[in-house]
Asks: 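Provided herewith is a single structure, encoded as structure tokens, for subsequent inquiry.
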Amino acid sequence: MKKEILKILREAGENPVSGQMICEKFGVTRQAVWKNISQLKENGYDIESVSNKGYRLISEPDILYGPDIESRMSENCICKSVECHQSIDSTNTRAKQLAESGAEEGTLIVADRQTAGKGRRGRSWSSESNIGIYMSLIVRPSISPASVSGLTLISALALAKAIKSVCGVESHIKWPNDIVIGKKKICGILTEMSSEMNYIHYAVVGIGINANTQKFPDDIADKASSIMLESGKKVDRAELIAVTMELFGGYYQKFVEAESLEPFIEEYNEILANRDKEVRILYGMLEDVDKNKTECGIAKGIDSDGALIVETSDGIRKVVSGEVSVRGIDDYV
Ligand code: BTN
């Protein structure tokens with residue numbers, strides 16, 4: 001009910017909403033409404049009681065609170081419920097546990113802090129409290145396990161669009177799925193899945209966003225940044241989460257139907273950071289190839305499988321994510 005109350009109060013803006021109206025709408029007593037409002041106030045929501053008129057939402061705290069995030073989503077949003085933690089080891093680990101025990105598609109785990117945040121390739125993901133967004137969405141797509149990397153690419157697309165819409169700043173995708181502003185990374189995605197040969201039990205799309213980080217350690221300061229540092233404005237984290245989910249849901253439905261990235265190639269390539277720029281392919285991850293082998297070429301964009309097409313002097317390469325890395329010629333991007 002807190003979700004609904006927040007939604008009504010936010011939509012009413014300056015206008016007070018009568019307690020009676022809330023009671024009638026949800027078929028609950030005045031006491032129940034009052035109790036929920038009191039609990040919201042305890043959580044830092046400044047709700048004014050205007051005598052004989054009702055309640056007015058004056059301000060909202062910068063916290064990650066499940067009912068608040070849910071109150072910003074539409075009925076048909078892919079995200080069906082939000083589980084929020086002040087501190088957790090890793091939202092991906094929690095999401096996998098829940099998925100194993102049958103949690104439905106659309107369950108979202110959000111944390112204000114992670115004590116063991118995971119990055120790709122066994123790296124860690126710095127996850128301090130109050131400044132970042134750490135979230136993992138459970139999905140159960142009916143697609144082949146071979147197509148699962150597409151989920152990460154559509155997540156990147158949804159994120160870049162959500163950042164533009166909520167924070168008003170342009171970001172780009174560094175293939176396959178890092179979000180960068182300028183030449184600095186502000187967001188990473190780690191997708192994990194449980195599958196059989198031809199069947200996905202579930203996938204967890206884990207997203208880490210440097211939202212309001214003010215300072216980065218010296219060793220990564222030239223490669224990492226935050227949305228706030230780049231846009232000069234504090235990020236409304238709850239709003240960014242909700243809008244990302246709305247946009248992701250739209251892309252996800254189309255992607256699962258087509259089981260291809262074909263419908264998104266143009267949109268993705270438009271915001272591809274390296275498009276038509278020189279890149280270096282690092283082959284170090286491939287087993288049967290010299291670990292130091294690199295090759296340069298011009299990145300042309302992705303194909304319907306999400307592979308990056310690179311024009312080299314020896315011909316076209318279709319670079320597959322997870323097998324190679326791609327860098328800018330002098331920098332990370
Ligand atoms: C990367 O290395 O770029 C991917 C980073 C992914 C980090 C996110 S934070 C939320 C989720 N939980 C984790 O433990 N990792 C992902």
Side-chain angles (χ1 to χ4, degrees), residues 64 66 69 79 82-100 103 107-139 148-149 151-160 162-163 171-181 183-194 202-213 216-217 219-220 223-227 235 237-238 240-242 244-245 248 273-274 282 284-285 306 321-328 332-333:
L64 295 175
I69 299 170
C79 178
V82 181
E83 182 186 285
C84 265
H85 296 264
Q86 244 168 30
S87 179
I88 198 169
D89 49 0
S90 152
T91 55
N92 265 31
T93 305
R94 172 70 183 153
K96 285 194 284 180
Q97 284 162 354
L98 287 175
E100 290 290 343
T107 306
L108 179 70
I109 316 302
V110 175
D112 190 47
R113 168 176 177 254
Q114 293 183 122
T115 52
K118 298 185 289 183
R120 274 181 294 142
R121 304 202 193 109
R123 296 193 195 110
S124 60
W125 184 261
S126 164
S127 311
E128 287 173 57
S129 59
N130 282 323
I131 50 177
I133 295 173
Y134 319 110
M135 61 178 176
S136 304
L137 180 71
I138 299 171
V139 287
V148 85
S149 64
L151 286 179
T152 327
L153 276 82
I154 57 161
S155 308
L157 201 48
L159 273 158
I163 290 168
S171 60
H172 291 92
I173 302 173
K174 178 187 168 287
W175 180 86
N177 47 34
D178 285 349
I179 304 291
V180 296
I181 299 183
K183 287 186 179 287
K184 295 185 177 181
K185 175 163 168 173
I186 49 132
C187 171
I189 304 167
L190 173 67
T191 300
E192 299 184 84
M193 92 172 148
S194 159
Y202 63 84
V204 163
V205 181
I207 298 175
I209 308 176
N210 302 333
N212 293 321
T213 321
F216 288 85
D219 55 324
I220 56 165
K223 290 194 210 79
S225 189
S226 70
I227 303 176
V235 176
R237 292 180 296 163
L240 183 55
I241 294 172
T244 302
M245 286 299 121
F248 175 79
N274 309 95
L282 314 179
M285 274 190 279
S321 86
E323 291 183 2
V324 299
S325 303
V326 169
R327 298 272 180 278
Y332 161 69
V333 179

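Note that the structure is a prediction, hence the values are computed from the model and not measured. Whatever order the structure lists ligands and atoms in, that order sets their numbers, starting from 1.
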Asks: Need the ligand 1 atom indices (1-based, order shown) with element for anything under 4.0 Å from a heavy-atom of Ser90.
Replies: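 The atoms of ligand 1 under 4.0 Å from a heavy atom of Ser90 are 12 (N), 13 (C), 14 (O).
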Asks: Where is the nearest protein heavy atom to atom 3 (O) of ligand 1: which residue, which atom, and how far?
Replies: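 For atom 3 (O) of ligand 1, the nearest protein heavy atom is Lys185 NZ, 2.6 Å.
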Asks: Looking at CD1 of Ile189 and CD1 of Ile173, how far apart are the two atoms once the value is rounded to the nearest 0.5 Å?
Replies: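 Here the rounded value is 8.0 Å.
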Asks: Would you kindly specify which portion of Arg123 sits under 4.0 Å from ligand 1, judged on non-hydrogen atoms: side chain, backbone, both or neither?
Replies: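 None of Arg123 does.
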Asks: If the cut-off is 4.0 Å to any non-hydrogen atom of Asn92, which atoms of ligand 1 fall inside it?
Replies: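 So the answer, numbered in order with elements, is 11 (C), 12 (N), 16 (C).
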Asks: When you measure from atom 5 (C) of ligand 1 to every protein heavy atom, which one gives the shortest distance, and what is it?
Replies: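 The protein heavy atom lying closest is Trp125 CE3, 3.3 Å.
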Asks: How does Ile207 reach ligand 1, if at all, at less than 4.0 Å between non-hydrogen atoms: by side chain, backbone, both, or neither?
Replies: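 For Ile207, the contact with ligand 1 is made by the backbone alone.
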Asks: Nearest 0.5 Å, please: how far is OG1 in Thr93 from CD in Glu192?
Replies: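 Separation between the atoms: 7.0 Å.
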Asks: Could you list the atoms of ligand 1 found under 4.0 angstrom from a heavy atom of Thr91?
Replies: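 Within the 4.0 Å cut-off of Thr91, ligand 1 contributes 10 (C), 11 (C), 12 (N).
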Asks: Counting only heavy atoms not in Gln97, do more than 12 sit closer than 6.0 Å to its CD atom?
Replies: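 Yes, enclosed.
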Asks: Pick one: which of Arg120, Lys223, Lys184 meets side chain to side chain donor-acceptor pair (under 3.5 Å) with Asp178?
Replies: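 Filter result, single survivor: Arg120.
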Asks: What's the spacing between Gln86 CD and Asn130 CG if we round to 0.5 Å?
Replies: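 Separation between the atoms: 9.0 Å.
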Asks: Quick one, Met135 and Val82 - any side-chain contact, counting heavy atoms below 4.5 Å?
Replies: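 Heavy-atom side-chain distance check fails, nothing below 4.5 Å.
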Asks: Within a distance under 4.0 Å of any heavy atom of Met135, pick out the atoms of ligand 1 and give their elements.
Replies: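 Counting atoms of ligand 1 from 1, those under 4.0 Å from Met135 are 10 (C).
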Asks: Which option out of Gly117, Gly208, Cys187, Ala116 puts a heavy atom nearest to atom 8 (C) of ligand 1?
Replies: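 Of the listed residues, Gly208 has the closest heavy atom.
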Asks: Looking only at protein heavy atoms, which one is nearest to atom 2 (O) of ligand 1, and how far off is it?
Replies: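 Ranking protein heavy atoms by distance from atom 2 (O) of ligand 1, first comes Arg120 N, 2.7 Å.
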Asks: Which protein heavy atom lies closest to atom 9 (S) of ligand 1, and at what distance to 0.1 Å?
Replies: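 Answer for atom 9 (S) of ligand 1: Gln114 NE2, 3.4 Å.
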Asks: Please name all residues satisfying salt bridge (Lys or Arg N to Asp or Glu O under 4.0 Å) with Arg123, sequence neighbours left out, ordered by chain then number.
Replies: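 Here no residue qualifies.
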Asks: Under a 4.0 Å heavy-atom limit, does Ala111 contact ligand 1 with its side chain, its backbone, both, or neither?
Replies: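 Looking at Ala111 and ligand 1, no heavy atom falls under 4.0 Å.
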Asks: Would you give the length of the straight line joining atom CD1 of Ile109 to atom CG of Leu98, rounded to the nearest 0.5 angstrom?
Replies: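 Rounded to the nearest 0.5 Å, the CD1-CG separation comes out at 4.5 Å.
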Asks: Just so I know, are the side chains of Thr91 and Val110 near enough to count as touching, which here means a heavy-atom distance under 4.5 Å?
Replies: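 Of all side-chain heavy-atom pairs linking Val110 with Thr91, none is under 4.5 Å.
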Asks: Do me a favour and list the nearest non-hydrogen protein atom to atom 16 (C) of ligand 1 with residue, atom name and distance?
Replies: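 Here the nearest protein heavy atom works out to Lys118 O, 3.7 Å.
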